[in-house]
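Report on one structure; see the data block that follows.
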Amino acid sequence: MPSPPLLALVGPTASGKSEAAFVIAEELDAEVASVDSMLLYRGMDVGTAKPTPAERARVPHHLVDIAEPSESLSVWRFQLLAREALAGIASRGRCALLVGGSGLHFRSIVDDLDFPATDPSTRVALEAEAASLGAERMHQRLTTLDPEAASKIEPGNVRRTVRALEVAAITGRPFSSFAHQWGQYPVERVRAAGVTMPPDALARRIAARVSAMIDHGFIEEVRGLVEAGLGGWLTSSQAIGYAEMARHLDGELSLDEARAAMVKRTRALARRQLAWFRRDPRIRWFEAKEGGAADIVGDLVEYLSG
RNA sequence: GGCCAGGUAGCUCAGUUGGCAGAGCACGCGGCUGAAAACCGCGGUGUCGGCAGUUCGAUUCUGCCCCUGGCCA
């Protein structure tokens with residue numbers, strides 16, 4: 001890890017992180033490394049509230065627009081690319097400002113998580129088994145193979161159960177043996193500021209942002225992506241708004257229903273993001289009001305510049 | 001004004017032959033290592049419209065009142 005600690009600005013979606021990040025990065029002469037699982041995809045701009053090219057020309061942004069929506073960029077690959085990006089920033093003698101709300105991606109950068117390998121054919125076989133046997137039977141099998149992992153994964157969670165079985169099958173090691181660092185949060189690695197906001201203020205910002213997206217070409221953006229093949233189990237097709245708007249274009253949902261679903265999912269996302277970051281003891285929290293993180297940028301700069 | 005239907009959780013409603021009120025959604029909380037904006041789990045938050053009456057006990061039965069919707073004037 002680079003000797004000046006990594007700087008980070010985290011928090012729930014719609015809290016104004018990106019906006020504040022420009023100012024902070026300029027103040028601190030930093031480059032932004034996005035920690036966002038959806039900003040990775042090219043062409044998904046409006047619905048992800050991606051900083052515009054003009055904004056990104058002002059301050060260099062990394063880990064944005066590095067994959068096609070038709071591919072799924074896993075956390076594992078994100079970690080590799082993030083390390084490259086960070087090395088590049090360090091080689092320029094600048095410091096990196098991590099900005100985003102994807103908790104696992106954040107930890108993949110600051111905590112050197114060791115993601116065990118995957119194998120498509122093993123995965124497919126296990127998924128087929130799970131489909132016929134059911135989640136509980138797979139979970140029972142995991143209990144005999146890796147009791148520790150099984151105790152942490154809910155019996156109804158097929159996806160994680162299958163993944164744990166897959167890891168055991170390919171690596172010969174129990175899935176749980178890869179999670180050693182999970183409960184550790186090395187403080188020296190990162191200086192992180194977190195943005196919170198009163199729940200009702202955040203809810204209003206989310207509703208306003210969803211409406212603004214729809215007014216600024218989101219429907220056209222999704223139409224184009226669907227025509228280009230977005231759909232199925234692609235990561236990109238599960239992004240909030242894209243799934244709902246595709247259904248609207250299919251005539252399954254009215255525009256108002258799609259809008260309401262977007263707001264609902266975004267609020268649920270914000271809650272989960274907060275739950276994720278809340279227990280990271282490294283994060284120093286700053287409460288913003290209706291105006292979002294931009295209004296408290298002075299405090300953020302002061303803390304991050306240490 | 002008359003007749004009918006209804007008033008129970010933030011919303012839509014169920015229910016109690018009279019015995020501490022319950023579903024879905026919303027909301028809150030939690031978990032998380034190669035799909036993570038994914039995936040999974042936990043939690044009922046309440047003057048049962050108001051005031052009287054009957055009763056050991058009323059959200060439930062009775063009376064009056066208030067409110068909402070529909071139909072008729």
Side-chain angles (χ1 to χ4, degrees), chain A residues 12-14 34-41 44 47-50 67 69-81 100-120 122-124 126-127 130 135-136 138-139 146 148-164 166-168 170-171 173-184 199-200 202-203 206 209-210 213 232-245 257 260-280:
Chain A
T13 184
S34 166
V35 188
D36 186 298
S37 64
M38 293 298 161
L39 256 39
L40 304 170
Y41 299 104
M44 296 174 65
T48 59
K50 186 181 289 174
S70 56
E71 55 181 318
S72 285
L73 202 155
S74 68
V75 195
W76 175 77
R77 264 186 64 213
F78 175 85
Q79 183 184 50
L80 284 180
L81 295 167
S102 296
L104 180 59
H105 292 68
F106 175 73
R107 292 207 67 188
S108 81
I109 294 179
V110 300
D111 290 330
D112 291 335
L113 301 183
D114 179 19
F115 293 96
T118 192
D119 175 64
T122 306
R123 168 78 64 103
V124 167
L126 285 165
E127 277 170 355
E136 298 74 21
M138 300 305 276
H139 193 267
D146 184 354
E148 191 183 337
S151 72
K152 284 182 166 176
I153 298 174
E154 307 284 351
N157 198 334
V158 192
R159 189 157 177 173
R160 296 194 52 233
T161 301
V162 164
R163 170 61 182 153
E166 179 200 8
V167 168
I170 359 183
T171 66
R173 286 171 55 190
F175 178 74
S176 51
S177 71
F178 288 91
H180 284 141
Q181 305 111 312
W182 192 249
Q184 295 165 25
D200 53 331
L202 186 62
I206 288 171
R209 191 166 81 168
V210 166
M213 284 173 179
W233 284 105
L234 290 171
T235 300
S236 52
S237 70
Q238 296 172 40
I240 291 172
Y242 293 84
E244 288 77 13
M245 202 50 75
E257 287 169 334
M262 285 175 70
V263 170
K264 173 177 148 182
R265 275 186 76 193
T266 305
R267 290 172 67 167
L269 169 65
R271 284 196 294 273
R272 273 179 282 119
Q273 288 176 310
L274 242 17
W276 189 284
F277 290 121
R278 222 163 1 215
R279 72 200 145 105
D280 189 329

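Note that the structure is a prediction, hence the values are computed from the model and not measured. Chain identifiers are assigned alphabetically (A, B, ...) following the order of the sequence lines, protein sequences preceding nucleic acid strands; residue numbering begins at 1 within each chain.
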Between [N] ([atom2]) and [X] ([atom1]): distance, integer Å:
X      : N     : atom1 : atom2 : answer
A:I240 : B:C39 : CD1   : P     : 10 Å
A:I153 : B:C39 : CD1   : P     : 16 Å
A:W76  : B:A38 : CH2   : P     : 24 Å
A:R159 : B:A36 : CZ    : C1'   : 7 Å
A:F175 : B:U33 : CZ    : P     : 4 Å
A:D36  : B:A35 : CG    : C1'   : 15 Å
A:L73  : B:A38 : CG    : C1'   : 15 Å
A:L234 : B:A35 : CG    : P     : 13 Å

Qualifying residues under side-chain contact (heavy atoms from CB on, under 4.5 Å), relative to [X], sequence neighbours excluded:
X      : answer
A:I240 : A:R265, A:T266, A:L269
A:P174 : A:D146, A:S176, A:S177
A:E127 : A:R123, A:V162

- Message: Over all strands shown, is A:E71 touching base, sugar-phosphate only, or nothing at heavy-atom distances under 4.0 angstrom?
- Response: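 If one applies the 4.0 Å heavy-atom cut-off, A:E71 turns out to touch nothing in the nucleic acid.
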- Task: Pick base, sugar-phosphate or nothing for A:Q181, based on heavy-atom distances below 4.0 Å to the nucleic acid.
- Result: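 Result for A:Q181 = base.
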- Among the candidates B:U33, B:A36, B:A38, find the nucleotide nearest to the side-chain atoms of A:V75.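 Out of B:U33, B:A36, B:A38, the nucleotide with an atom closest to A:V75's side chain is B:A36.
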- Selected nucleotide, minimal atom distance to A:N157 side chain, candidates B:C40, B:A35, B:U33: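 Nearest to the side-chain atoms of A:N157, counting from C-beta on, is B:C40.
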Provide the distance between the two [atom1] atoms, one in [N] and one in [M], to the nearest whole Å.
N     : M     : atom1 : result
B:G18 : B:C13 : P     : 26 Å
B:G57 : B:C66 : C1'   : 27 Å
B:G46 : B:A14 : C1'   : 15 Å
B:C48 : B:C20 : C1'   : 14 Å

- Do the non-hydrogen side-chain atoms of A:D36 and A:L40 ever get within less than 4.5 Å of each other?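 Counting from C-beta outward, A:D36 and A:L40 never come under 4.5 Å.
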- Taking NZ, NE, NH1 and NH2 as the nitrogens, is one of them in A:E71 or A:R77 under 4.0 Å from a carboxylate oxygen of the other?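 A salt bridge is present here (some side-chain N lies under 4.0 Å from a carboxylate O).
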- Task: Please say whether the positively charged group of A:R163, taken as NZ for Lys or CZ for Arg, lies over the ring of A:F175, i.e. under 6.0 angstrom from the six-membered ring centre and within 45 degrees of the axis.
- Result: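 Output no; distance or angle outside limits.
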Suppose we screen for side-chain hydrogen bond (donor to acceptor under 3.5 Å, both in side chains). Which residues come up paired with [X], at least two apart in sequence or across chains?
X      : answer
A:S70  : none
A:N157 : none
A:D114 : none
A:Y242 : A:E221

- Is the backbone of A:E154 close enough, under 3.5 Å, to the side chain of A:R160 for a donor and an acceptor to pair up by distance?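 Between the backbone of A:E154 and the side chain of A:R160 there is no qualifying donor-acceptor contact (under 3.5 Å).
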- Message: Counting only heavy atoms and a strict 4.0 angstrom limit, can you tell me which residues of residues 100-108 of chain A come near RNA chain B?
- Response: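 Output list: A:S102, A:L104, A:H105.
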- Item | Partner residues of A:F78 under the ring pair (Phe, Tyr, Trp, His ring centres under 6.0 Å) criterion, sequence neighbours left out |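 For A:F78 the ring pair (Phe, Tyr, Trp, His ring centres under 6.0 Å) partners, ignoring immediate neighbours, are A:H105.
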- Taking both distances under 3.5 Å as the test for a Watson-Crick or G-U pair, what stems of at least three pairs does RNA chain B have?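 Listed by first number, the stems are B:1-7 with B:66-72, B:10-13 with B:22-25, B:27-31 with B:39-43, B:49-53 with B:61-65.
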- Of A:A117 and A:V158, whose closest RNA chain B nucleotide lies nearer the 5' terminus?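 Its nearest nucleotide being more 5', the pick is A:A117.
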- Most 5' of A:W276 and A:Y41 on RNA chain B, judged by nearest nucleotide: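 That would be A:W276.
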- Item | Short side-chain N/O contact to B:A38 OP1/OP2 from A:R265, under 4.0 Å |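 Yes, such a contact exists.
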Can you tabulate the close N/O pairs, meaning under 3.5 Å, that link protein atoms to atoms of nucleotides 27-30 of chain B?
unit_1	atom_1	unit_2	atom_2	d
B:C27	OP1	A:R267	NE	3.4
B:C27	OP2	A:R271	NH2	3.4
B:G28	OP2	A:R271	NE	2.7
B:G28	OP2	A:R271	NH1	2.1
B:G30	OP2	A:R278	NH2	2.7

- Is A:R163 side chain donor-acceptor paired with the B:A35 base, going by distance under 3.5 Å alone?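 A donor-acceptor contact between them is absent.
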Name every donor-acceptor pair, under 3.5 Å, that has one atom in a side chain of residues 271-278 of chain A and the other anywhere in the protein, sequence neighbours excluded.
unit_1	atom_1	unit_2	atom_2	d
A:Q273	OE1	A:T13	N	2.8
A:Q273	NE2	A:G101	O	3.0
A:W276	NE1	A:G103	O	3.2

